[in-house]
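Here's the structure we're looking at; comments come further down.
Letters A, B, ... mirror the listed sequences (proteins, then strands); counts begin at 1.
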Amino acid sequence: MKNIHMDAQTIRQKFLDFFRSKGHNIIPSSPMVIKDDPSLMFTNAGMNQFKDIFLGTAPFRHKRIANSQKCLRVSGKHNDLEEVGHDCYHHTMFEMLGNWSFGDYFKKEAIGWAWELLTDEFRIPKDRIYTTVFEGSSEEGISMDGEAFDHWKQYLDEDRILTGSKKDNFWEMGDTGPCGPCSEIHVDLRPDQERNKVNGRDLVNKGHPQVIEIWNLVFIQYNRRISGELERLPKKHVDTGMGFERLCMVLQQKTSSYDTDIFQPVIRQISIMCDKKYGDNEQVDVAMRVISDHLRAIAFAVADGQLPSNTRAGYVIRRILRRAVRYYFTYLEQKQPLIFKLVPSLVASMGHAFPELQAQQQFIEKVIREEELSFLRTLESGIKRLDQIIAEAGRGKSAMINGLLAFELYDTYGFPLDLTELILKEHNLTVNRSEFDEGMKQQRQRSKTDAAVDTGDWIMVNDDAEGQQFIGYDHTSADVLITRYRKVKSKEGEFFHLVFDRTPFYAESGGQVGDTGYIVRGNDRISVINTIKEHNLTVHLTKKLPADIAAQLRAQVDVKARMDTARNHSATHLLHYALRKVLGNHVEQKGSLVHPDYLRFDFSHFQKLGEDEIRKVEILVNEMIRNNHDVHIREDSFENARKAGAMALFGEKYGDRVRMVQFGDSIELCGGTHIENTCQIGYFKIISESSIAAGIRRIEAITGSGYERFVEKQETVMKELNLLLGNPPDLIKAVSNLLDEKNQLQKKITLHNQQQINATKDTLLRQVKKVGDINLIYGETPMLDSAEAVKDTAYQLRNQVENLCLILGSLINEKPLLTIMIADNLVKEKNLNASDIVKIAAKEIQGGGGGQPFYATAGGKTPGGLSKAVEKAVETVFGKKV
RNA sequence: GGGGAAUUAGCUCAGUUGGCUAGAGCGAUUGCAUGGCAUGCAAUAGGUCAGGGGUUCGACUCCCCUAUUCUCCA
């Protein structure tokens, strides 16, 4: 097939230009990491950022939109992770080109434009294109999508239009939500010779690597309810997605997306670094593909603010990186961090389309390098543990290792199973897979049952035709109507989610915690425990429902908490500004928590802040507070806000209209609630500075009444200390004197104890009784007051007296203690056992004990029996009274 | 959110069913050997066994709580 060669950059641009010419608005990709949707961690399809529009919980500003969206498919319904690298077209991170219609054009235009773009603009030969339409489903009560079929018929022969089942041609977002039939476009890339042998029609959707789907046109016309039934949507939408990497592969006439100019520069660099050629050895090729793919996923995730961690989204990123490390570790024989060195190459090829990569290049490299190092360490300790297991197996002469051991290695030490198997193979060993799987199954079961959340259907109450309105910037209480509610059961208990027609409650977002407060009608008062945002809806959490669900209620925000939160939020802006002033403009916000009691701010910076830097930041912030800056809040276009110098955050989703919050020179885009003038913050104090990951520092600080409580606490400590020490003129000196004194006394006690021991030893040495060749010492130790001292005495005598048999009765804290020490040679020659003897003698003090053959102790309850116990021990040793 | 593990000398780690009053290697200090160095030999210092409770005659070891870190599942 012949067409003009285009590089990736041009292809992307042509797509966008084409749809712009068809009246579409071109918008930027939304972040890959998702923040306000509990059912999804990453953007896994182009339509994610429009989900709220499809669900009807957000308004739309444009009827036609097109963009290139960065996506990640690594978990949940779409999980391609394990495929990546082994074939030539699966990817974790990929770009999805898409055009959308919101209640505007439908099947006719969507199909017509797709055909025009592919055949006119991109010059894909028409005889290589096949399309599919939904065949219908009796189970759902839907007939075949004849509409789509008829439109296609205008462009291709009927035998090139196939019908497909629910699996391939009915698209659903999740278990519930908007859905509808879809129509796929497939391209046959095989050489003519093969095309003549087998009809391409028979290979569509059959997993053939060169007959591939490149574009899916989804016609959203239904909503799936929890009950499973479909309801027709009042407004129909178009949602299309074309895999950018696959499109490039087609247009550049490659048989693998890894051969396109998207991946080749990186693969060439890996090849140079490892001194191995791409294309010579399948395992090496797989490894290089894995690394070049995963590099993109990780770099983009980090650029969007998602750091590798051990929970949720961060954990997924960590696992992707580890998979890459694991491949170069084994197949490219590299034992040093490598992926971070590829970042410049990635930035060179994608930085212009995604400026967030370029701006944070150094930071991304640092984070990746640290992660690589940490996993290489994990591998090292895992190999150590595995060596032990191999050694034990060698003794057992079994060729199969217990699967639970391999599971332990995986579960506890993070050591991958395939690597375990590979290393074992070198020792002619295998793993019992079914045992391993069993361990895995149990682990899954445990997690699932504990994390189960049961979310009910929304129940609509009052008609919310007006949509929901947030009035919390200006009001802290309002009369509201409940528009919908549902019940949610989880391990923590049963909650209700309430949505109002308008609300003064601020939902958790942008790091600021949700408002608390109550709703009330007459005597019916219900606490609002928290407020969260879900699909653009403000959801109020309560423990019960109002008696009259449809009636008007008074909603009241906890004003004290709201004001304290506002103080901390405004202070966060000042802190951000001050950090950039003091440390430099490389400081980027990486996370933030604004709580009524304190604030937490994470930011990129490569070293610990010095005492002087912290002071400088505090001084700067407090100066701004005292300068009485009024807050200026206004809405403007994103474009204008940037021009005005507002700081926007990477990984944050901004609409066309943004809210600018300004205090003096600090301007940020922010939807949070703020105080009116900086002086309301009162005072700002940093209470801790720490590191949370490579290249990221965390500052915790307090303001206003939080600072009052802090000072109060410090004062109380000082007062009480002074009181305890009798108001000394110099508190520090007083404490240090006290410590010195304590040390001296400690030394004196040690010395005194040693003297007591020596004195005891002297007394006992005078009482040595020769019984045969045994030097018997027995008696009591009135001078010793600790078990430790008795032990010392016994051990010292052991070194001084040969053929020793020592039997001591002591009174420690009014409790009797019996000690027996027997010389090593006597233990052997005379078959004496201190442990046995002490057990017999301890009966006299109603106690028990034991120890080793040469040394044993016993404690008891009756001090009166001590002397009898000593005698009993002597009798036991010699079989008679001595 | 749930499970598993780790925390012992400056560093890397041993430490047996609870008991030989806590060990090794590297590093540090000192001395010796050598013309000097690489180095070798010897000695010494260095420990709240993460912190707090409990069980026991006796806890680095067993149990509970807390902190930090690692790891797996969701």
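To the nearest whole angstrom, the two P atoms, one in U68(B) and one in G27(B), are 35 Å apart.
No contact: G860(A) has no heavy atom under 4.0 Å from any strand.
The phosphate of C73(B) has neither OP1 nor OP2 within less than 4.0 Å of any side-chain N or O from R444(A). Between C72(B) and R319(A), no contact under 4.0 Å exists linking OP1 or OP2 to a side-chain N or O.
The stretch residues 408-417 of chain A touches RNA chain B through Y410(A), D411(A), T412(A), Y413(A), G414(A), each having a heavy atom within less than 4.0 Å of the strand. Within residues 805-819 of chain A, the residues approaching RNA chain B are L817(A), by heavy-atom distance under 4.0 Å.
Sorted pairs that involve residues 863-873 of chain A and meet side-chain hydrogen bond (donor to acceptor under 3.5 Å, both in side chains), not counting sequence neighbours, are lacking altogether. For the ring pair (Phe, Tyr, Trp, His ring centres under 6.0 Å) condition, no pair includes a residue of residues 801-826 of chain A, sequence neighbours left out. For residues 792-802 of chain A, the set of pairs meeting the side-chain hydrogen bond (donor to acceptor under 3.5 Å, both in side chains) definition, not counting sequence neighbours, comprises K761(A)-Q796(A), R798(A)-D824(A).
Applying the side-chain hydrogen bond (donor to acceptor under 3.5 Å, both in side chains) criterion to E435(A), with sequence neighbours excluded, gives N432(A). Here E844(A) pairs with nothing under the side-chain hydrogen bond (donor to acceptor under 3.5 Å, both in side chains) rule; sequence neighbours left out. E421(A) meets the side-chain hydrogen bond (donor to acceptor under 3.5 Å, both in side chains) test with R433(A); sequence neighbours excluded. With sequence neighbours excluded, the residues that form a side-chain hydrogen bond (donor to acceptor under 3.5 Å, both in side chains) with Q756(A) are H752(A).
Not a single donor-acceptor contact under 3.5 angstrom links the side-chain atoms of S835(A) to the base of G19(B). A donor and an acceptor atom sit less than 3.5 Å apart, one in the side chain of Q443(A) and one in the base of C72(B). Below the 3.5 angstrom threshold, one finds no donor paired with an acceptor across the side chain of Q442(A) and the base of G3(B).
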Donor-acceptor pairs under 3.5 Å, side chain of residues 400-410 of chain A to any protein atom, not counting sequence neighbours: which ones?
residue : atom : partner : partner atom : Å
N402(A) : OD1  : L404(A) : N            : 2.8
E408(A) : OE1  : R385(A) : NE           : 3.2
E408(A) : OE1  : R385(A) : NH2          : 3.2

I'd like a table of atom pairs between the protein and nucleotides 21-23 of chain B - only N or O on both sides, under 3.5 Å - with the distance next to each one.
residue : atom : partner : partner atom : Å
U21(B)  : O2   : D792(A) : OD1          : 2.8
U21(B)  : N3   : D792(A) : OD1          : 3.4

Inset, instruction - Toss me the dot-bracket line for RNA chain B: Watson-Crick and G-U wobble, both under 3.5 Å, 5' to 3', using | for pairs to another strand and [ ] for crossers. - result: (((((((..((((.....[...)))).((((((.....)))))).....(((((..]....)))))))))))).
